[in-house]
Structures are given as structure tokens and as C-alpha cells.
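Some notes on the structure that comes next.
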Amino acid sequence: MVSEVADEADASEIRDIAERLKLAVRAAGGNAYVAEASGVPLRTLNSYMAAAADPKLTKLHRIAVACGTSIDALLGRKLPAETPGNSVVGDKIGMRLNDDELTAPEDFVLIPHLEVRASAGPGLATVATGAEAPRNIAFRQNWLRSLGITPVNAEFIEAHGDSMFPTIQDGDLMLLDRGYGEVVNGKIYVLVVNGLVVVKRVSLLAFGGLMLISDNDRYPAETVARDEVNNLNFQARVAWFGRPI
């Protein structure tokens, strides 16, 4: 009986990890991309996401890095409790500074948290919600670089709406990379469409156009013809997102 209970507890934990993996892999660009970026075979990654195998910690760590998250987040480990003016993000990779703190701790870099929201839903333009001066969040430089982000190109903004649910939810804090380079198939971007700032996943089409995809099935994808692509104003790639729990 004890063995059966333990086996069921293990199976439940594996299922929980699989659900967290699905969200992280989808946000990072999909199974094929994460498998290549992490060096974990696609078949192995798929088995982890299907809860068909117990993930090995070494592979889970490589998957976490490829997804821009931490192994603690994938395992569902609780983070240290917050104290006023200081919040821990991931595995001590970031902290929110008090208003009177103007310098980052050693090995950290200040990233502006702009008082702007980008629409993850229909019909919302850029919304300024506060003072002109941005707040700052200090993040470890080596963690940013592991995501391929040069610190000077990093910014934080908040998402508004549910069109990218369940990947990105209303109020999520999004880490943006303004030095993203070429648009990559399957990645999520902040862009301006008809004067609106929106968050969409991009699918490149064989004939040169692209599709702007909402992860929420209630919102139809928008096809942009090849000769209209240049009218889009790509602002940044969404490299990571977080939310309070």
C-alpha cells in the first residue's frame, strides 16, 4: 500500500512537471526549437511533455535555460518569500529595487520597467499608466546573456488582455529584447499594427508573408501578405515572462 501511494505521488509530480514544461516550451517557440536549443532529443522532450517519462535533472536544466526559465520553476519549487521592495524572480536571477536604490548589485544590471501595457487582446493602444521615469528591476547579467539578450536592449512591460492565454496572461510582466535581429518563426513579438501595440506569435509563410497568431483559440489568426509585411512595426521579441502566484 505504501509503495502504491508513493508511485501515485511520483506520477502526479511527473504530470505537474509536464504541464509546466508545455507552457514553457510553447512560450519559447515550440518543441522543435527547444529541442535544438537545449540539445535534448525531440523524442525525449516530447516524452517529458506527455508525462511518459520522469525528466532527468541534467536535461531539465538544459531545457530550462533554452526556455528562459529556471529548473526551480519547472519543478514547481517555492521561491523565497518576498520582502518589501524586493522580489525574487526565478532562481535569484532578478530583484525589484526600492525607489531610492539607483545602482544594481554586483553582477546585476538595471532593466527599466516601463509604465506601458501592450495588448494581448483586441483594440487596445499603448497605455501610459504612471510617471515618465521608469521603475527598475535588477537582473543577473549572465542570465540575460543566456537568453541571447544584450542588457542594454532589455525592457519590461506588462501584457493586457487574454489573446495570448494561456501562454501570456493579463498582467504578466514581459521581458523584451529590442535587439532581437531577424524575426524568427514561432517566436512572440511586440509590434505595432494599425497604431495598436499588440503581442502576437509570428508564423512565417513560404511565399513571404506571415501570420500573427493568438495562442487563445478564440482569436483568429491574421494573415499579412508579403507586400504588407513592411508596414508592420516590430518593436521587440518577448524573451521571458513572469507572473505572481
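This chain uses plain numbering: 1 for the first residue, then up along the sequence. The shown structure was predicted, so the numbers you read here are calculated from the model rather than taken from an experiment.
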### Query
Could you give the distance from OG1 (Thr150) to CZ (Arg145), rounded to the nearest 0.5 Å?
6.0 Å

## Note on the structure
Closest heavy-atom pair, Ala154 versus Ile149, reported as atoms and distance to 0.1 Å, is CB-CG2, 4.0 Å

### Query
Under the side-chain contact (heavy atoms from CB on, under 4.5 Å) criterion, do Met174 and Glu155 qualify, and how do the steps go?
CA-CA 8 Å; Met174 299 184 296; Glu155 292 178 350; over 6 Å; no

### Message
Using 30° and 60° as the class boundaries, would you call the ring planes of Phe156 and Trp240 parallel, tilted or perpendicular?
### Response
perpendicular

### Query
Which pair of non-hydrogen atoms, one from Val34 and one from Ile63, has the smallest distance, and what is that distance?
CG1-CG2, 4.1 Å

### CG-CG distance between Asp54 and Leu60, expressed to the nearest 0.5 angstrom
9.5 Å

### Task
Could you walk me through whether Val198 and Leu191 pass the side-chain contact (heavy atoms from CB on, under 4.5 Å) test, one step at a time?
CA-CA 6 Å; Val198 298; Leu191 63 158; 4.1 Å; yes

### Query
Looking only at heavy atoms, what is the nearest atom pair of Val202 and Leu204, with distance?
CG1-CD2, 3.9 Å

### Message
Exactly one of Val183, Leu210, Leu205 should register a side-chain contact (heavy atoms from CB on, under 4.5 Å) with Val229. Which one does?
### Response
Leu210

### Message
Against the six-membered ring of Tyr33, is Lys187 placed for a cation-pi contact (under 6.0 Å from the centre, within 45° of the normal)?
### Response
yes

### Task
Would you name the heavy atoms of Ala24 and Leu74 that are closest together and state the gap between them?
CB-CD2, 3.9 Å

#### Entry: Point-to-point distance, once rounded to the nearest 0.5 Å, from CG of Leu173 to CD1 of Ile137
5.0 Å

### Task
For side-chain contact (heavy atoms from CB on, under 4.5 Å), just list the numbers for Met49 and Arg20, CA-CA rounded to whole Å, side-chain angles, deciding distance to a tenth of an Å, and then say yes or no.
CA-CA 8 Å; Met49 295 174 64; Arg20 288 188 287 269; over 6 Å; no

### Task
Would you please indicate if the ring centroids of Tyr219 and Phe165 are separated by under 6.0 Å?
no

### Summary
Rounded to the nearest 0.5 angstrom, the CG-CG distance for Leu147 and Asn142 is 10.5 Å

### Query
Does a side-chain heavy-atom distance below 4.5 Å link Leu232 with Val192?
no

### Query
Which atom pair, heavy atoms only, marks the closest approach of Ile188 to Met164?
CD1-CE, 3.8 Å

#### Entry: Distance (rounded to the nearest 0.5 Å) between Gln141 CD and Ile111 CD1
9.5 Å

### Query
Considering only heavy atoms from C-beta outward, does the side chain of Arg26 approach that of Pro166 to under 4.5 Å?
yes

### Message
We want to know whether Asn233 and Gln235 form a side-chain donor-acceptor pair, criterion being a heavy-atom distance below 3.5 angstrom.
### Response
yes

### Query
For residues Thr167 and Asp215, is any side-chain donor paired with an opposing acceptor at under 3.5 Å?
yes

### Message
Could you walk me through whether Asp170 and Asp162 satisfy the side-chain contact (heavy atoms from CB on, under 4.5 Å) test, starting with their C-alpha distance in whole Å, then the side-chain angles of each, then the deciding distance to 0.1 Å, before giving a yes or no?
### Response
CA-CA 6 Å; Asp170 185 37; Asp162 66 349; 5.8 Å; no

### Query
Is Val224 linked to Phe207 within one hydrophobic cluster, defined over Ile, Leu, Val, Met, Phe, Trp and Tyr using a side-chain heavy-atom separation of less than 4.5 Å?
no

### Task
Please name the pair of heavy atoms, one in Arg62 and one in Gly39, separated by the smallest distance, quoted to 0.1 Å.
NH2-O, 2.9 Å

### Query
With distance as the sole criterion, is a donor-acceptor pair present between the side chains of Lys200 and Ser163 under 3.5 Å?
yes

### Query
Is the closest side-chain heavy-atom distance between Leu144 and Leu175 below 4.5 Å?
yes

### Task
Could you grab the distance from atom CD1 of Ile17 to atom OH of Tyr48, nearest 0.5 Å is fine?
10.5 Å

